Amino acid sequence: MDPRLDLVRRSIRDVPDFPKPGILFKDITPLLSDAEAFEATLALLEADARRQRTEVVLGIESRGFIFGAALASRLGVGFVPARKPGKLPAAVDREAYSLEYGKDALEVHQKSFRAGQRALVVDDVIATGGTARAAVALCRRQGAEVVGVSFVIELSFLEGRKALPGDIPIHALLTY
Ligand code: AMP
């Protein structure tokens, strides 16, 4: 195994019963505060993003902003934030979804993408996949081509992959 992956794995903290009883929360703050682990994470995400010839990164609020924006900067491409409702100031497109512990929606400013632009969706964790599915739908609605969906962590027992369109490559650095 790539030793960088082991470093990433060791820097993630499991917090039981957050934000609700029964949820094992994957806390990435120890990873962020460890310069080597953060660098390793970004380098691994970057390799996948370059393979997909990414032209723009969409990051999902809020932890997807941290990885997505840093990744976009490394790639030399733009960054589009997908935000929770009511946060973006101009006209938006909205997509509702349900998640492991609640219901929510994502919004993206209208005209965030050029027609056919190669978009990579980024978040820290894929659980049930509803959030990422909404993000993919927003990209597609605005004419972007979603070339991949990248996560630091996949909770495979929740089968989030099944929620995503079958034709999109899905990358996760770590699978639990
Ligand atoms: P889902 O829509 O179920 O795939 O949920 C994914 C979103 O919820 C991501 O933005 C994650 O940051 C967050 N999330 C869900 N489950 C967890 C978990 N066990 N640990 C950390 N974050 C989680």
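Atoms within each ligand, like the ligands themselves, are counted from 1 in listed order. Note that the coordinates shown come from a computational prediction; the quantities given were computed from them, not determined experimentally.
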- Under 3.5 Å, is there a donor-acceptor pair between the Glu154 and His171 side chains?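 There is no such pair between these side chains.
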- Message: For Phe25, does the six-membered ring have the charged nitrogen or CZ of Arg13 within the cation-pi criterion, i.e. under 6.0 angstrom from the centroid and within 45° of the normal?
- Response: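 Judged by the rule, Arg13 and Phe25 form no cation-pi pair.
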Contacting atoms of ligand 1, where contact means under 4.0 angstrom from a heavy atom of [X]:
X	answer
Arg63	11 (C), 12 (O), 13 (C), 22 (N)
Gly130	2 (O), 4 (O)
Ala127	1 (P), 3 (O), 4 (O), 5 (O), 15 (C), 16 (N)
Asp123	9 (C), 10 (O)

Of the backbone atoms (N, CA, C, O) and the side-chain heavy atoms from C-beta on, which set of [X] has a member under 4.0 Å from an atom of ligand 1: side chain, backbone, both, or neither?
X	result
Val125	both
Leu24	backbone
Thr131	both

Specify the closest pair of heavy atoms between [X] and [Y], including all atoms of both residues, with the distance to one decimal.
X	Y	result
Gly86	Glu107	N-OE1, 3.2 Å
Tyr97	Thr131	CE1-OG1, 3.2 Å
Pro81	Leu88	O-CD1, 4.3 Å
Leu75	Ala49	CD1-CB, 3.7 Å

- For Arg53, does its backbone N or O pair with a side-chain atom of Arg118 as donor and acceptor, under 3.5 Å?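 Checking the backbone N and O of Arg53 against the side chain of Arg118, a donor-acceptor pair under 3.5 Å is found.
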- Applying a strict 4.0 Å limit to heavy atoms, is Gly129 in contact with ligand 1?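 Checking ligand 1 against Gly129, which is what was asked, there is a heavy-atom contact under 4.0 Å.
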- Please work out which of Ile28, Asp124, Val152 has its closest non-hydrogen atom nearest to atom 11 (C) of ligand 1.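 Nearest heavy atom to atom 11 (C) of ligand 1 lies in Asp124.
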